[in-house]
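See below for the structure under consideration.
Only this structure's heavy atoms are used, side chains among them; waters, hydrogens and symmetry mates stay out.
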Amino acid sequence: MSASLDLVDVDSLLTSEEVDVRGAARRFADERLRPSLPEWFEAGVIPARELAKELGALGFLGMHLTGYGCAGLGPVAYGLACLEIEAADSGMRSLVSVQGSLAMYAIWKYGSEEQKAEWLPRMSAGEAIGCFGLTEPDFGSNPGGMRTNARRDGDDWILNGSKMWITNGSVADVAVVWARTDDGVRGFVVPTSTPGFSAPEIKQKMSLRASVTSELVLDDVRLPASAMLPEARGLSGPLGCLNEARFGIIFGAMGAARDCLETAIAYAGERIVFDKPLTAYQLTQAKLADMAVELNKGILLAVHLGRLKEKGTLRPEQVSVGKLNNVREAIAIARECRTILAANGISGEYPIMRHANNLESVLTYEGTSEVHQLVIGQALTGQSAFR
């Protein structure tokens with residue numbers, strides 16, 4: 001964040017290592033991502049495998065995990081990397097967080113030693129891409145209703161079902177798939193080369209176009225007993241992974257908001273309206289001031305939650321506070337910045353409409369705003385209102 005936008009001296013709260021990680025992520029975003037993003041977004045195609053290897057070489061994949069080639073950095077460093085990458089594009093941050101906080105984290109947290117040794121070093125290097133199969137066509141906010149099932153056949157498992165809206169699905173080498181069994185919901189490590197597994201890409205998206213989104217189809221996919229994640233039982237497994245990914249979104253959404261605000265300030269400073277810059281008008285300054293306040297509050301919240309995570313005291317409802325507030329404010333900032341650019345705000349020459357479109361997806365994935373409101377409501381009242 002530029003010094004002029006850092007109204008509350010957020011940088012004073014960061015360690016030198018965190019600042020260095022943020023700088024490395026910002027350089028990657030500026031030099032590798034921003035020049036190509038308008039083209040990738042318009043075409044709806046990204047060089048996912050190439051980008052994964054570059055991100056892996058920088059240590060950004062599974063960077064908050066320890067061992068197996070992972071960088072072992074702290075939560076705030078990871079969050080700041082997400083912020084800088086999402087300042088380029090939410091789809092790019094999705095690639096990083098699905099790889100590290102969903103697919104890799106599931107194997108790291110719940111997997112066997114054999115599963116970890118087989119997959120995590122390759123995934124941290126970007127040599128293997130992972131995806132996370134939880135959401136189904138009819139079961140998003142209610143994953144407990146999933147229809148994907150796994151049944152025993154001798155020592156093997158047979159998986160059938162489908163998953164929807166799966167980031168990285170069509171380019172993944174391994175999928176972490178959650179399925180209903182006679183023993184409740186269990187997770188499985190599924191090499192995507194397994195017969196019966198397919199991942200058709202979802203096209204005609206108006207959001208997250210610089211990201212691979214797919215359906216997963218499992219048609220009598222046969223897996224050995226060793227494919228099951230041994231330490232994950234019930235929905236607590238996938239929900240624990242989602243909390244990891246949501247943490248990255250808390251930071252990431254502020255990156256998209258910051259990029260919109262920096263763009264709006266630069267544009268308004270050069271746009272002459274009635275013989276003076278647009279920034280010289282009171283209404284424009286009021287908009288910019290309100291947005292900057294919300295941006296700074298959101299980043300302060302993110303850093304605070306990161307410090308709680310460092311101590312091991314971060315609670316699920318606190319993650320919901322961060323996700324609900326920061327994505328809601330980010331999309332409001334994107335929309336307001338668009339008004340400052342007026343008609344130019346919808347042009348691909350500027351990133352604002354791309355961010356706004358992306359944030360429409362971020363607003364509802366990994367827990368809709370309504371779901372997070374209910375999580376917070378339950379923490380406040382002691383009453384569950386999900387049913």
Side-chain angles (χ1 to χ4, degrees), residues 1-35 37 51-52 54-66 70-101 124 126 244-263 265-266 291-292 294-311 314 322-323 326-327 329-330 333 351 355 358-359 362:
M1 186 157 62
S2 63
S4 61
L5 277 184
D6 188 3
L7 299 176
V8 294
D9 197 14
V10 173
D11 276 14
S12 68
L13 305 176
L14 306 179
T15 67
S16 59
E17 180 181 63
E18 289 162 352
V19 171
D20 289 344
V21 169
R22 182 183 65 181
R26 185 177 299 180
R27 285 190 296 275
F28 179 76
D30 287 344
E31 296 170 8
R32 180 66 177 95
L33 301 179
R34 291 183 196 278
L37 273 165
L51 290 171
E54 294 174 27
L55 288 161
L58 290 169
F60 289 153
L61 301 180
M63 62 188 295
H64 57 308
L65 306 179
T66 55
C70 301
L73 295 170
V76 174
Y78 166 63
L80 291 169
C82 288
L83 187 153
E84 293 299 334
I85 292 170
E86 190 151 358
D89 191 85
S90 300
M92 295 294 103
R93 196 266 311 142
S94 293
L95 188 159
V96 170
S97 59
V98 167
Q99 176 87 344
S101 291
S124 67
E244 287 293 308
R246 289 164 179 162
F247 175 78
I249 292 172
I250 294 169
F251 279 86
M254 291 294 94
R258 187 199 71 197
D259 196 53
C260 291
L261 185 52
E262 288 178 340
T263 301
I265 291 172
M291 290 188 286
E294 294 306 323
L295 175 66
N296 278 265
K297 285 161 58 178
I299 295 176
L300 284 173
L301 174 59
V303 172
H304 173 65
L305 295 179
R307 298 301 181 215
L308 294 180
K309 189 170 174 58
E310 284 176 3
K311 295 190 294 184
L314 182 64
K323 206 270 187 180
N326 284 13
V327 181
E329 294 305 326
I333 288 171
H355 282 307
N358 287 339
L359 287 166
V362 180

remark   = Scanning both residues in full, the closest heavy-atom pair of Ala81 with Ala25 reads CA-CB, 3.9 Å
key: Shortest non-hydrogen contact from Leu295 toward Ala257   = CD1-CB, 4.1 Å
request  = Fit a plane to each ring of His64 and Tyr78, take the angle between them on a 0 to 90° scale, and name the class: parallel (under 30°), tilted (30 to 60°) or perpendicular (over 60°).
outcome  = parallel
task = Locate the shortest heavy-atom distance separating Leu80 from Phe251; write the atom from each residue and the value.
result = N-CD2, 3.8 Å
message = Rounded to the nearest 0.5 Å, what separates atom CD in Glu84 from atom CZ in Arg27?
response = 10.5 Å
key: 4.5 Å side-chain heavy-atom contact, Leu13 and Leu300   = yes
query = What closest approach, in Å, do Cys70 and Leu65 show between heavy atoms, and which atom pair accounts for it?
reply = CB-O, 3.2 Å
message = Test your reading of the model: is there a side-chain donor-acceptor pair from Asn296 to the backbone of Ala292, 3.5 Å cut-off?
response = yes
ask   = About how many Å separate CG of Asp11 and CD of Glu18, when rounded to the nearest 0.5 Å?
value = 10.5 Å
message = If I take atom CG from residue Leu261 and atom CG from residue Leu5, how far apart are they, to the nearest 0.5 angstrom?
response = 5.0 Å
Non-hydrogen side-chain atoms of Arg22 and Val19 separated by less than 4.5 Å = yes
remark   = Heavy atoms of Gly298 and Met254 approach each other most closely as CA-SD, 3.6 Å
query = How far does CG of Leu314 sit from NE2 of His304, to the nearest 0.5 angstrom?
reply = 9.0 Å
task = Flag the pair Asp89 / Leu33 as yes when at least one side-chain heavy-atom distance between them is below 4.5 Å, and no otherwise.
result = no
task = Over all heavy atoms of both residues, which pair between Leu359 and Ser90 is shortest? Give the atoms and the distance, please.
result = CD2-OG, 4.4 Å
key: Among His355, Arg93, Arg258, the one residue meeting side-chain hydrogen bond (donor to acceptor under 3.5 Å, both in side chains) with Glu86   = Arg93
task = Decide yes or no for Leu51 and Met92: does some side-chain heavy atom of the first lie under 4.5 Å from some side-chain heavy atom of the second?
result = yes
task = Using a 4.5 Å cut-off on heavy atoms from C-beta on, say whether the side chain of Phe247 contacts that of Pro75.
result = yes
note = CD1 of Ile85 to CZ of Phe28, rounded to nearest 0.5 Å, is 7.0 Å
ask   = Looking at Lys309 and Glu244, does any basic side-chain N land under 4.0 Å from a carboxylate oxygen?
value = yes
task = Ignoring hydrogens and angles, tell me if any N or O in the side chain of Asn326 forms a donor-acceptor pair with the backbone of Ala302 under 3.5 Å.
result = no
remark   = Rounding to 0.5 Å, atoms NZ (Lys297) and CG (Leu7) come to a distance of 12.5 Å
request  = Please examine the side chains of Pro351 and Arg34, heavy atoms only from C-beta on, and report whether any two atoms are closer than 4.5 Å.
outcome  = no
